Colleague: 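Questions regarding the structure given below will be posed in turn.
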Amino acid sequence: MKCDCDYILSNEDWDPHYQNCSTIWNKNYGTPSPKNADGTFNLTNKHLEQLDVDILYHLGLDNKNYDLPKMFGDVKFVCMGGTKYRMKEFASYVAKALNIECKDPVNLTKHSHRYAMYKVGPIISVNHGIGIPSMSVLLQEVIKLLSYAKAKDPIIFRIGTCGGLDIPPGSVVISSYALNGTLEKTYDVPVLGEMRKIPSFFDNRLNQEILHVASEVKGFTTFIGGTMAADDFYRGQGRLDGPFCDYTEEDKLSFINKLVKMGVKNIEMEATAFAAMTREAGLRSADICVTFVNRLKGDQVTPTKAQLLEWQERPMLVVTKYISKYYERLSK
Ligand code: URA
């Protein structure tokens with residue numbers, strides 16, 4: 001089996017392959033790689049072949065009545081984030097940075113009001129709501145969309161906000177792995193009455209490239225480290241300011257310090273499922289979040305709206321810079 005990495009950036013010190021390189025896939029999984037020679041990828045669920053039409057319900061699209069290869073076949077990057085507003089803003093932001101004509105991005109989700117999806121050039125910008133259940137519904141339909149569209153070697157980014165652990169608010173964190181609420185590196189989902197535990201690691205090589213790009217941006221520090229994905233904003237993240245709390249401040253700090261010692265840099269609400277599902281599909285992905293609070297110092301998000309808006313642009317800036325590097329490489 002030959003290496004089929006389509007390198008975006010190069011450096012001899014980085015890992016030699018992406019996680020979805022067919023050579024790595026065969027070693028780790030012992031099953032054929034979902035990736036085809038031309039970079040398109042197959043869905044591993046054989047039941048889908050029996051469907052006359054596959055309705056991507058939450059996107060309001062399907063693979064019979066819409067020409068998905070024509071609409072989305074050129075997609076190289078998908079950028080996901082929590083709110084519709086932020087992802088419309090990202091669509092305009094990336095369009096401006098890459099000189100792609102786009103006056104007012106149009107929501108492409110047909111007769112579905114759950115999510116909003118925009119496309120500028122080869123970039124999809126789509127919101128996923130809050131937490132794993134909302135994010136994973138959207139992500140699975142995006143994965144199917146990319147496969148039906150025959151998109152080649154797509155990369156999926158999640159940009160978001162988070163609580164930081166022992167790092168200054170406004171820092172950016174790139175997740176190397178995701179922990180569930182009981183500190184295992186798995187996405188846990190009950191299937192047919194039994195708990196499945198799916199590994200939740202991100203692509204190290206892709207992260208090395210993103211960190212390199214991020215470290216060229218002045219004004220904030222970018223860290224790589226573990227991310228805890230909680231199923232709750234309050235007790236699930238050890239906060240003292242929710243409506244319910246049956247532990248002490250010492251208990252909270254001892255837990256946060258334990259995470260710090262493990263190398264965990266932030267807490268958000270999606271990383272386990274995001275890492276697990278993209279990896280299982282054979283796609284590269286990265287989770288890039290800005291911290292709004294240092295959880296060793298407090299729980300409430302106190303910076304001004306203007307400050308938070310400025311910070312929220314940081315993951316957008318990093319992803320846009322990375323995408324620009326891809327364009328630079330293409331034009332050489
Ligand atoms: N999002 C989270 O999940 N936690 C925080 O502390 C901030 C943003």
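Every number for a ligand or one of its atoms is a count from 1 in the order of the listing. None of these values were measured; they are calculated from a predicted model.
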Colleague: Quick test: of every protein heavy atom, which one is nearest to atom 7 (C) of ligand 1, and how far off is it to 0.1 Å?
Modeller: Cys162 C, 3.3 Å
Colleague: Would you please determine whether Phe292 falls within less than 4.0 Å of ligand 1 on a heavy-atom basis?
Modeller: no
Colleague: Would you mind running through ligand 1 and noting each atom that sits below 4.0 Å from a heavy atom of Glu268?
Modeller: 3 (O)
Colleague: When you compare the side chains of Asn266 and Thr227, does any donor N or O come within less than 3.5 Å of an acceptor on the partner?
Modeller: yes
Colleague: Considering only heavy atoms of Met269, which atoms of ligand 1 have at least one such atom less than 4.0 Å away?
Modeller: 3 (O)
Colleague: Would you say the side chains of Thr302 and Gln300 form a donor-acceptor pair under 3.5 Å?
Modeller: no
Colleague: If you measure from the Lys or Arg side-chain nitrogens to the Asp or Glu carboxylate oxygens, is any gap between Asp6 and Lys76 under 4.0 Å?
Modeller: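 Lys76 and Asp6: salt-bridged.
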Colleague: Which ligand 1 atoms does Gly163 reach within 4.0 Å, using its non-hydrogen atoms?
Modeller: 4 (N), 5 (C), 6 (O), 7 (C)
Colleague: Check ligand 1 against Phe233 and write out every atom of the ligand that is under 4.0 Å from a heavy-atom position of the residue.
Modeller: 1 (N), 2 (C), 3 (O), 4 (N), 5 (C), 7 (C), 8 (C)
Colleague: Provide the number and element of each atom of ligand 1 under 4.0 Å from a heavy atom of Arg239.
Modeller: 4 (N), 5 (C), 6 (O)
Colleague: Any side-chain donor paired with an acceptor under 3.5 Å for Asp4 and Ser22?
Modeller: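 The criterion, which ignores hydrogens and geometry beyond distance, is satisfied for Ser22 and Asp4.
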Colleague: For Ile267, take its heavy atoms, then give the atoms of ligand 1 lying under 4.0 Å from any of them.
Modeller: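 Matching atoms, with element in brackets: 2 (C), 3 (O), 4 (N).
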Colleague: Taking the six-membered ring of Phe233 (Phe, Tyr or Trp), confirm whether the NZ or CZ of Arg239 is under 6.0 Å from its centre and within 45° of its axis.
Modeller: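 Verdict for Phe233: a cation-pi partner in Arg239.
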Colleague: Using a strict threshold of under 4.0 Å (side-chain N to carboxylate O), is an ion pair present between Asp54 and Lys144?
Modeller: yes
Colleague: For the residue pair Lys35 and Phe41, would you count it as a cation-pi contact if the rule is NZ or CZ under 6.0 angstrom from the ring centre and within 45 degrees of the ring axis?
Modeller: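 No; the conditions do not both hold, so Lys35 does not lie above the ring face of Phe41.
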Colleague: Should you measure from each heavy atom of Gln237, which atoms of ligand 1 turn up under 4.0 Å away?
Modeller: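 Listed by number with element, the hits are 2 (C), 3 (O), 4 (N), 5 (C), 6 (O).
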